[in-house]
*Asks:* 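Next up is a structure, given as structure tokens.
Numbers here are sequence positions counted from 1.
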Amino acid sequence: MTDADPRDSNDNAREGLAGIYAGLIDAIGLTGREIAKLSGTRPQYISDIKRRQRPLSHEMFLRTLVGLYGDYKWLITGDLPVDTRRIIAMYPSIAGSDGPVMPLPLFQRPFMGPKMTGDDWDGNFMCVTSPVKEYAGAMRNPYILRIPFDDRSGRLRKGDFLLVNQVATANSAYVLVKSGWGVKLMHRVDDGFEDVETGDRRPDLDVNVIGGIAMLLMGLL
């Protein structure tokens, strides 16, 4: 019995990646020239990859995804198959950004970058219209948080949708706060901040505000 040649598994992985890449190009519906422009390469290079006449590198795939995601590139995890499935779903709305709707990723827990992991987002998103679209367009990496718990103050309810701006804001009543390795949703009170989920309070000096809630979009009926 002989050991398997590791080059065989590498070749299989590259071939599988090339198939996913070709499927991405077909699903997105862009020409090789358009893909080449997005990824900063030559159209012939894209044609060679699709015909399996040239190997596809991880870097080339990632450059293409970055071009397709555009302003949403902060959502890229580096897991190429996962990121590919997500951009195939979102791209029609991203490409039509001059139209009446804007796609926003939908999160189930408070999140702040800079690094996205596979567990942070499940790939779901919502398309918003005016005036939310205009508000979100002026924000940094906006997303929608579907709050998974009741607000202890009674203002927000489990299932409400909140528009999040990933930048510290001085006038937000509800803010995102860095807490250890995670992020907390907190409410401004007279003597500092109150944890929306637990009710725990912290003075101003103990809180690192990193984002804010711009508005309540809607809630469950």
*Asks:* Shared ILVMFWY cluster between V167 and W74, side chains joined below 4.5 angstrom?
*Replies:* no

*Asks:* Within a 6.0 Å radius of atom CG on D122, are there more than 12 heavy atoms belonging to other residues, nucleotides or ligands?
*Replies:* yes

*Asks:* Between the side chains of T198 and D200, is a donor N or O closer than 3.5 angstrom to an acceptor N or O?
*Replies:* yes

*Asks:* How far does OG1 of T64 sit from CD1 of I28, to the nearest 0.5 angstrom?
*Replies:* 11.0 Å

*Asks:* Parallel, tilted or perpendicular: which one describes the rings of F107 and Y143, with boundaries at 30° and 60°?
*Replies:* tilted

*Asks:* Run the side chain to side chain contact (heavy atoms under 4.5 Å, CB included) check on L163 and V132 step by step: do they pass?
*Replies:* CA-CA 9 Å; L163 179 61; V132 178; 4.1 Å; yes

*Asks:* Rounded to the nearest 0.5 Å, how far does CG of L24 lie from CD1 of I20?
*Replies:* 9.5 Å

*Asks:* Quick one: do M126 and L104 satisfy side chain to side chain contact (heavy atoms under 4.5 Å, CB included)? Show the steps, please.
*Replies:* CA-CA 5 Å; M126 293 175 59; L104 291 175; 5.5 Å; no

*Asks:* In the structure I gave you, are the side-chain heavy atoms of P105 and L75 within less than 4.5 Å of one another anywhere?
*Replies:* yes

*Asks:* Taking atom CG of D160 and atom CG of L145, what is their separation to the nearest 0.5 Å?
*Replies:* 10.0 Å

*Asks:* S179 and R202: side-chain donor and acceptor closer than 3.5 Å?
*Replies:* yes

*Asks:* At what distance, to the nearest 0.5 angstrom, does CZ of R85 lie from CG of L80?
*Replies:* 11.0 Å

*Asks:* Under the side chain to side chain contact (heavy atoms under 4.5 Å, CB included) criterion, do F193 and H187 qualify, and how do the steps go?
*Replies:* CA-CA 5 Å; F193 295 85; H187 180 218; over 6 Å; no

*Asks:* What is the distance from atom OG of S172 to atom CG of N165, rounded to the nearest 0.5 Å?
*Replies:* 7.5 Å

*Asks:* Between S47 and Q44, is there a side-chain donor-acceptor contact under 3.5 Å, judged purely by atom types and distance?
*Replies:* no

*Asks:* Would the number of heavy atoms belonging to other residues, nucleotides or ligands and lying under 6.0 Å from CD of Q53 be above 12?
*Replies:* yes

*Asks:* If you group Ile, Leu, Val, Met, Phe, Trp and Tyr by side-chain heavy-atom gaps below 4.5 Å, do F111 and F149 land in one group?
*Replies:* yes

*Asks:* Applying side chain to side chain contact (heavy atoms under 4.5 Å, CB included) to L38 and L68, what does each step give before you reach the verdict?
*Replies:* CA-CA 7 Å; L38 284 173; L68 290 170; 3.4 Å; yes

*Asks:* Is there a donor-acceptor contact under 3.5 Å linking the side chains of D151 and S153?
*Replies:* yes

*Asks:* Nearest 0.5 Å please: distance from the CG atom of D79 over to the CZ atom of R86.
*Replies:* 8.0 Å

*Asks:* Strictly by modelled atom types, are N141 and Y72 linked by a side-chain donor-acceptor pair under 3.5 Å?
*Replies:* no

